[in-house]
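We number each residue from 1, following the sequence as shown.
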Amino acid sequence: MIELRVLGPTSLRRSDGSSVQALLAQPKRLALATYLATPPPHGGRCFYQKDTLLAMFWPELDQPHARAALRNALYFLRTHLGAAAVVTRSGDVVGLDPAEVWCDVDAFDVAVRLRDHATAYQLYRGALLEGVFVPDAQPFEEWLDTQRRWCSNEAREAASQAARRHAAAGWVDDALEWARRARELAPLNEDAARLVMALRYLTGDRAGALDEYKRLETSLDAEHGVLPAADTQRLARAVRDPHAHAESVAKAVAQLPVTARISPQRGASAAGAARVQGRPVLEALLQTRLGLARRRGERVGVVLVALPDGAAPADGSGSQLTLLGDCVLGGIRMADLVAEWDARTLAVVPSSDAAVDVNALVGRLARYLERVAAADFGVAPGPDCIRTLWLNPTWGRTVRELLLAGQSHP
C-alpha cells in the first residue's frame, strides 16, 4: 500500500514507512499521479482515456511525442508505486487502483460526502499540491486551480458545520474553536466571520466580537475597497446594543447559510442540524475510518447504545429507537455519527479512536442517559445498555462482518 498526501506538504510513503522520493522530485509525474487519484465530481476513483491525459499534461507536443511521454510517465509510476498500482483497461483507459494507492484528497472527498467534518478538517493540511508547478501544462494548471478552491471551501465548510453542531448542542466554547478554524481558512469569508462574531458574543466576549468585525472591515477595505455585507453590519449592531439578548445573536448563528444540509429524515434532533442516520451511512463512514486505521496500525472504536429492557415497542415501529437517538443527539459530544445498528441499538462513532477518548464518550453517554432517558422511557438504562466494539481493520472482512464479530474492549 502506498500513501499519497497532496493536501498541503506532499509526501509519498510505502506501508513500511519508507518514502518514495523519486516521484516527489518529478512535478509532472507527481501531478499525473494526483490527477489519477483525485475523485471526479460524482465520487469514486476515475479512469481516463489516454487522449484526455495527453491533452491535460502534454498539450504542446504532437500526438506521437505526447504518447511516448505518457508511456514513460506510466512506466515510471508502475516502477515506483508498484506494478499493480496503475490499472489499464481496454488498452486505452488508465487509472490508479485504490487498493494499492491511498490518497488524502480521495479520503477528504469521502469525508465531505459523509459530513464527517472532523476527518475532513484533519485531512486538509493545506492547498492541493502546495508549491508544485507543472510547466507547459496549462489545462492541468486550470484544473488544479479549480480543485484547490473546492478543497479549501469544503474544509472551511467542514469547520463551520462542526461549529454549528457544537453551538446547537450548547457547547459554545468548542463551537468557537471550530469557527476560528473556519475563519483561518478564509479570512475574508463573511459567513465564517459572522459565526466567530456571534459565538464570541455568546461566550460573553462582546469586545472580542466587535474586534472581529473591525478586523473584517479593515481587511475588506484593504483588499477590495468595500464594506462588510448588510447581514454582517446588522450582526455588529446587535452586538453593540447593550440591550441585545444572547437569543438574538443565537438566531443569527442559526440563520447563517449552510451549503450542505443533511436531508430531513425521521429521528431529527431538537437542534435540527444532526439526525440519526441509517445503517448504510454508518457502514460507509466506518469503511473510511478503517482504511485510515489500517495504515496507522490502529483499531476503530464504535459505541453501541441499546434500548433499555422493556422499552422496545411491541409493534416494532422503531419509535422508541428514534426517541433514544434523539436523546443521544441531544447530549452528544466527541462523536461523528449516530446511526441505527438494529431494531434496538444505535451505533455512535467517536470522533477519535483513542481508547481514552472512546472511554470518555462511554462515560458521558452513561451519565447523560441516566439523567435524561429514564424520564423518556420510564426505565433507567443499565450499564449493559452501552458497550464498545473495537474493529480490527486487518481482519479483511466487510464492515458488517466486523461489526458482527467485533470484540468488547477488555
**Student:** Closest approach of Leu61 and Ala69, non-hydrogen atoms and distance?
**Tutor:**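 Between these two residues, the closest heavy atoms are CD1-CB, 4.3 Å.
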**Student:** Please examine the side chains of Lys214 and Leu210, heavy atoms only from C-beta on, and report whether any two atoms are closer than 4.5 Å.
**Tutor:** no
**Student:** Under a 3.5 Å distance rule, please check whether Ser18 uses its side chain to pair with a backbone N or O of Arg14 as donor and acceptor.
**Tutor:**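 Side chain of Ser18 to backbone of Arg14, a donor-acceptor pair under 3.5 Å: no, none is there.
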**Student:** Determine, for Glu184 against Arg181, whether the closest basic-nitrogen to carboxylate-oxygen distance falls under 4.0 angstrom.
**Tutor:**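 Arg181 and Glu184: not salt-bridged.
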**Student:** Would you say the side chain of Arg237 lies within less than 4.5 Å of the side chain of Tyr213, judging by non-hydrogen atoms?
**Tutor:** no
**Student:** Side-chain contact test, heavy atoms from C-beta onward, threshold under 4.5 Å: evaluate it for Leu36 versus Tyr48 and give yes or no.
**Tutor:** yes
**Student:** Glu190 side chain to Thr232 main-chain N or O, any donor-acceptor pair under 3.5 Å?
**Tutor:**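 Checked: no pair found.
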**Student:** Assess the residue pair Leu32 and Phe57 against the criterion (side-chain contact (heavy atoms from CB on, under 4.5 Å)); give the C-alpha distance rounded to whole Å, side-chain angles, the decisive distance to 0.1 Å, and a yes or no.
**Tutor:** CA-CA 8 Å; Leu32 174 61; Phe57 290 95; 3.7 Å; yes
**Student:** Nearest 0.5 angstrom please: Leu74 CG to Thr88 OG1, how far?
**Tutor:**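 Leu74 atom CG to Thr88 atom OG1 measures 6.5 Å (nearest 0.5 Å).
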**Student:** Can you give me the closest heavy-atom contact between Pro139 and Ala55, atom names plus distance?
**Tutor:** CG-O, 3.4 Å
**Student:** For the residue pair Phe108 and Trp150, does the interplanar ring angle fall in the parallel (under 30°), tilted (30 to 60°) or perpendicular (over 60°) class?
**Tutor:** perpendicular
**Student:** Which heavy atom in Ala163 sits nearest to a heavy atom in Ala179, and how many Å separate them?
**Tutor:**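 Reported closest heavy-atom pair: CB-N, 3.6 Å.
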**Student:** Please check this pair: side chain of Arg148 against backbone of Leu128, looking for a donor-acceptor N/O pair closer than 3.5 Å.
**Tutor:**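 Here the side-chain-to-backbone pair exists.
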**Student:** Ignoring hydrogens and angles, tell me if any N or O in the side chain of Lys50 forms a donor-acceptor pair with the backbone of Val94 under 3.5 Å.
**Tutor:**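 Here the side-chain-to-backbone pair does not exist.
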**Student:** For Gln21, give me all partners under side-chain hydrogen bond (donor to acceptor under 3.5 Å, both in side chains), at least two apart in sequence or on another chain.
**Tutor:** Ser19
**Student:** Are the side chain of Asn392 and the backbone of Arg299 linked by a donor-acceptor contact shorter than 3.5 Å?
**Tutor:** no
**Student:** Using modelled atom types only, decide if a donor and an acceptor are shared between the side chain of Asp106 and the backbone of Thr38 within a distance under 3.5 Å.
**Tutor:**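 Checking the backbone N and O of Thr38 against the side chain of Asp106, no donor-acceptor pair under 3.5 Å is found.
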**Student:** Is the shortest side-chain heavy-atom distance between Ser160 and Asp191 below 4.5 Å?
**Tutor:**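 Of all side-chain heavy-atom pairs linking Asp191 with Ser160, none is under 4.5 Å.
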**Student:** Do His80 and Phe76 have ring centroids that are under 6.0 Å from one another?
**Tutor:** yes
**Student:** For residues Ala120 and Ala111, report the shortest heavy-atom separation together with the two atoms involved.
**Tutor:** N-CB, 3.8 Å
**Student:** I want to know whether Trp58 and Phe140 have ring centres closer than 6.0 Å.
**Tutor:** no
**Student:** Would you please name every residue forming a ring pair (Phe, Tyr, Trp, His ring centres under 6.0 Å) with Tyr75, sequence neighbours left out?
**Tutor:**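 With sequence neighbours excluded, Tyr75 shows a ring pair (Phe, Tyr, Trp, His ring centres under 6.0 Å) to no residue whatsoever.
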**Student:** Any heavy-atom pair between the side chains of Asn153 and Leu185 that's under 4.5 Å?
**Tutor:** no
**Student:** Would you call Val349 and Leu282 a side-chain contact if the rule is heavy atoms closer than 4.5 Å?
**Tutor:** yes
**Student:** Examine distances only and state if a side-chain atom of Gln233 and a backbone atom of Pro228 form a donor-acceptor pair shorter than 3.5 Å.
**Tutor:**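 Yes: the side chain of Gln233 pairs with the backbone of Pro228.
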**Student:** Tell me every residue that passes side-chain hydrogen bond (donor to acceptor under 3.5 Å, both in side chains) with Thr203, counting only those two or more places apart in sequence or in another chain.
**Tutor:** none
**Student:** If every non-hydrogen atom of Tyr121 is compared with every non-hydrogen atom of Ala159, which pair is closest and at what distance?
**Tutor:**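 Closest pair (atom of Tyr121, atom of Ala159, distance): CD1-CB, 4.1 Å.
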**Student:** Please test Thr388 against Val302 for side-chain contact (heavy atoms from CB on, under 4.5 Å), starting from the C-alpha separation and ending with a verdict.
**Tutor:** CA-CA 6 Å; Thr388 304; Val302 182; over 6 Å; no
**Student:** What distance do Leu202 atom CG and Asp205 atom CG have between them, rounded to the nearest 0.5 Å?
**Tutor:**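 Answer rounded to 0.5 Å: 11.0 Å.
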**Student:** Using 0.5 Å steps for rounding, measure from the CG atom of Leu389 to the CH2 atom of Trp341.
**Tutor:**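 Taking CG in Leu389 and CH2 in Trp341, the distance rounds to 8.0 Å.
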**Student:** Could you report the tightest heavy-atom contact between Leu96 and Ala33, atom names first, then the distance?
**Tutor:**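 Residues Leu96 and Ala33, closest heavy atoms: CD1-O, 3.5 Å.
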**Student:** Below 4.0 angstrom, N of the basic side chain to O of the carboxylate: do Glu157 and Arg164 qualify?
**Tutor:** yes
**Student:** If only atom types and distance count, is the side chain of Arg5 paired as donor or acceptor with the main-chain N or O of Ser11 below 3.5 Å?
**Tutor:**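 Not confirmed, Arg5 side chain does not pair with Ser11 backbone.
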**Student:** In Å, rounded to the nearest 0.5 Å, how long is the span from CD of Gln122 to CG of Asp104?
**Tutor:**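 Gln122 CD to Asp104 CG: 11.0 Å, rounded to 0.5 Å.
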**Student:** Give, for atom CD of Gln161 and atom CG of Asp116, the distance between the pair rounded to the nearest 0.5 Å.
**Tutor:**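 Gln161 atom CD to Asp116 atom CG measures 12.5 Å (nearest 0.5 Å).
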**Student:** Show the numbers, then the answer: is there a side-chain contact (heavy atoms from CB on, under 4.5 Å) between Glu217 and Leu227?
**Tutor:** CA-CA 6 Å; Glu217 185 179 48; Leu227 291 171; 4.1 Å; yes
**Student:** Salt bridge or not for Glu130 and Arg125, using N-O below 4.0 Å?
**Tutor:** no
**Student:** Check whether Ser219 reaches the backbone of Arg215 with its side chain - one donor and one acceptor, N or O, closer than 3.5 Å.
**Tutor:**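 Side chain of Ser219 to backbone of Arg215, a donor-acceptor pair under 3.5 Å: yes, one is there.
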**Student:** Can you check whether Met56 reaches Glu141 side chain to side chain, under 4.5 Å on heavy atoms?
**Tutor:** no
**Student:** Quick one: do Asp342 and Thr345 satisfy side chain to side chain donor-acceptor pair (under 3.5 Å)? Show the steps, please.
**Tutor:** CA-CA 5 Å; Asp342 58 31; Thr345 311; 2.9 Å; yes
**Student:** Could Arg206 and Tyr201 be counted as a cation-pi pair, given that NZ or CZ must be under 6.0 Å from the ring centre and within 45° of the axis?
**Tutor:**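 No, cation not above the ring by the 6.0 Å, 45° rule.
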**Student:** Nearest 0.5 Å, what's the CG-CG distance between Leu304 and Leu365?
**Tutor:**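 So the gap between those two atoms works out to 11.0 Å.
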**Student:** So do the side chains of Val105 and Cys151 get within less than 4.5 Å of each other, counting heavy atoms only?
**Tutor:**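 The answer is yes, as the side chains (C-beta and beyond) meet within the 4.5 Å cut-off.
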**Student:** Under the side-chain contact (heavy atoms from CB on, under 4.5 Å) rule, what do Val112 and His117 come out as? Steps first, then yes or no, please.
**Tutor:** CA-CA 7 Å; Val112 166; His117 308 312; over 6 Å; no
